[in-house]
Colleague: 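Pasting a structure below so you can have a look.
Count residues from 1 along the sequence.
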Amino acid sequence: MDQIQLEQEEKRQLEFAIMHAQINPHFLYNTMYSIKGLCDMGLNKDASQMISALTSFFRIGISKGREIISIHDEMEHIQHYLFIQEMRYGDDFSYEIEMDKEILTYNIIKLSLQPLIENAIYHGVKQKRGQGKITIRGYQVEDTIHLEVGDNGNGIQPQKLKDILLEMEASYQEKKKYLGIGLQSVNERIKIHFGNEYGLTIASEPGNGTVVSITIPKTKGEINKYA
């Protein structure tokens, strides 16, 4: 019982942290400023599209308080996010989505992919000379689902990657030097809901980009393990 209570408390802390991280005042401010710029230039149709994307982004993010949503809804969420970022940054990066349609009805923890894509944009492609590219893949292997977010950025130095992987294994309360709240929260929430054998992995080579992968089990319907 003590262990369950501890996990419930950690889950609540992580849920608060990820929501706080995603309702990011900087992201909201920058998006609204971009919309204002479009309006000032008379590009009302583009401004309207960004407002619609922003509204849908937060609607799916809230998800009526549900923590578990379908991969289909999660993909819709990140497509709105990518549309907004593409409108803001123009030709600085492109993206490609390769998703096995058969996995779309399975469950995922909401707000799992967006922090990975945000990380790929700000720490991957924006640090690269020339146009960056982000690739989102989803596929199934037997009873597991694998989701990958890759970028063609500068990659991570081996020692730094080793430190990041060690921080991923540390407790949520410990201070992190490299691992941001977004990736940390995704990793921990997946483990809490699905088990310690699931979560995030990171692969990277200097000059060859980075791939962050999510591994989760195939599940459908509500999960009441800690209800």
Side-chain angles (χ1 to χ4, degrees), residues 14 17-31 34 49-50 52-63 69-100 103-104 107-128 130-139 145-156 161 164 168 178-190 199-204 208-216:
L14 289 165
I18 193 67
M19 290 303 294
H20 182 269
Q22 299 321 311
I23 304 177
N24 187 319
H26 294 290
F27 170 68
L28 181 58
Y29 168 80
N30 290 332
T31 302
S34 297
Q49 288 177 329
M50 281 194 76
S52 295
L54 185 65
T55 302
S56 296
F57 172 83
F58 283 112
R59 173 181 56 81
I60 297 172
I62 294 169
S63 300
I69 63 175
S70 68
I71 294 176
H72 175 275
D73 287 346
E74 181 75 359
M75 291 304 301
E76 183 181 349
H77 182 255
I78 66 151
Q79 284 172 326
H80 293 306
Y81 177 76
L82 284 164
F83 175 81
I84 292 168
Q85 297 292 51
E86 195 174 34
M87 289 285 284
R88 285 181 57 202
Y89 294 112
D91 295 330
D92 286 354
F93 76 94
S94 62
Y95 65 89
E96 181 179 5
I97 298 175
E98 302 173 3
M99 194 67 48
D100 182 349
I103 71 172
L104 295 177
N107 285 335
I108 191 170
I109 308 294
K110 73 177 178 183
L111 304 177
S112 290
L113 286 173
Q114 187 267 332
L116 276 60
I117 296 169
E118 182 177 12
N119 199 67
I121 292 173
Y122 291 105
H123 299 289
V125 299
K126 284 191 69 178
Q127 307 300 320
K128 173 186 172 62
Q131 189 184 54
K133 183 175 182 180
I134 294 173
T135 302
I136 300 109
R137 298 181 62 229
Y139 57 94
I145 291 172
H146 300 264
L147 301 162
E148 299 176 353
V149 176
D151 66 69
N152 66 340
N154 295 328
I156 306 172
L161 178 60
I164 291 172
M168 286 178 61
Y178 299 112
L179 189 64
I181 185 63
L183 295 188
Q184 183 185 353
S185 295
V186 172
N187 187 48
E188 293 294 337
R189 289 185 303 135
I190 288 173
L200 296 187
T201 56
I202 302 175
S204 183
N208 290 320
T210 302
V211 177
V212 182
S213 304
I214 293 174
T215 303
I216 55 176

Colleague: In chain order, what residues pass the ring-ring contact (aromatic ring centres under 6.0 Å, His included) check against Tyr122, with sequence neighbours excluded?
Modeller: none

Colleague: Run the ring-ring contact (aromatic ring centres under 6.0 Å, His included) test against His123 and tell me which residues pass, sequence neighbours left out.
Modeller: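 Here no residue qualifies.
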
Colleague: Taking all heavy atoms of Val149 and all of Ala120, pick out the closest pair and write down the distance.
Modeller: CG1-CB, 4.1 Å

Colleague: Could you check if a side-chain atom of Thr210 sits within less than 4.5 angstrom of a side-chain atom of Ile202, using non-hydrogen atoms only?
Modeller: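 Sidechains of Ile202 and Thr210: in contact.
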
Colleague: Minimum heavy-atom separation for Ile71 to Asn107, with atom names?
Modeller: CG1-O, 4.0 Å

Colleague: To the nearest 0.5 Å, tell me how far Ile145 CD1 sits from Thr215 OG1.
Modeller: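 These two atoms lie 10.5 Å from each other.
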
Colleague: For the backbone of Val125 and the side chain of Asp151, can you confirm whether one donor and one acceptor N or O come within less than 3.5 Å of each other?
Modeller: no

Colleague: For the CE atom of Met75 and the CG atom of Leu147, what is their distance to the nearest 0.5 Å?
Modeller: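 These two atoms lie 8.0 Å from each other.
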
Colleague: Calculate, to the nearest 0.5 Å, the distance between atoms NE2 and CE belonging to His72 and Met99 respectively.
Modeller: 11.5 Å

Colleague: With rounding to the nearest 0.5 Å, note down the distance linking CG in Asp92 to CD1 in Ile121.
Modeller: 10.5 Å

Colleague: Can you name the nearest heavy-atom pair linking Val186 to Pro115, along with the distance?
Modeller: CG2-CG, 3.9 Å

Colleague: How far apart are the C-alpha atoms of Glu148 and Tyr139, what are their side-chain angles, what is the distance that settles it, and do they pass the side chain to side chain donor-acceptor pair (under 3.5 Å) test?
Modeller: CA-CA 9 Å; Glu148 299 176 353; Tyr139 57 94; 2.9 Å; yes

Colleague: Got Ile214 and Leu113 here, is their nearest side-chain heavy-atom distance under 4.5 Å?
Modeller: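 Yes, close enough: below the 4.5 Å cut-off.
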
Colleague: Enter the distance from Asp73:CG to Ile78:CD1 here, rounded to the nearest 0.5 Å.
Modeller: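 One gets 12.0 Å once the value is rounded to the nearest 0.5 Å.
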
Colleague: Output all residues satisfying ring-ring contact (aromatic ring centres under 6.0 Å, His included) with Phe93, sequence neighbours left out; order by chain, then residue number.
Modeller: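 Counting only residues at least two positions away or on another chain, Phe93 forms no ring-ring contact (aromatic ring centres under 6.0 Å, His included).
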
Colleague: Is there side-chain contact between Arg189 and Leu111, with at least one heavy-atom pair below 4.5 Å?
Modeller: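 Sidechains of Leu111 and Arg189: in contact.
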
Colleague: If I take atom OG1 from residue Thr135 and atom CD1 from residue Ile117, how far apart are they, to the nearest 0.5 angstrom?
Modeller: 11.0 Å

Colleague: Taking all non-hydrogen atoms of both residues, which atom of Ala53 and which atom of His80 are closest, and how far apart?
Modeller: O-CB, 3.6 Å

Colleague: Counting distance only, does the side-chain N/O of Glu74 pair as donor-acceptor with the main-chain N or O of Ile108 below 3.5 Å?
Modeller: no

Colleague: Kindly say whether His146 contributes a backbone atom to a donor-acceptor pair with the side chain of Arg137 at under 3.5 angstrom?
Modeller: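 Pair absent, no side-chain N/O of Arg137 close to backbone of His146.
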
Colleague: Do Arg88 and Met50 have side chains that get closer than 4.5 Å, going by heavy atoms?
Modeller: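 With C-beta onward as the side chain, the pair touches.
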
Colleague: Does the Ser204 side chain pair with the main chain of Gly209, one donor and one acceptor, at a distance under 3.5 Å?
Modeller: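 Yes, Ser204 side chain to Gly209 backbone: donor-acceptor pair under 3.5 Å.
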
Colleague: Starting from the C-alpha separation in whole Å, work towards a yes-or-no answer on side chain to side chain contact (heavy atoms under 4.5 Å, CB included) for Leu82 and Ile136.
Modeller: CA-CA 11 Å; Leu82 284 164; Ile136 300 109; 3.9 Å; yes

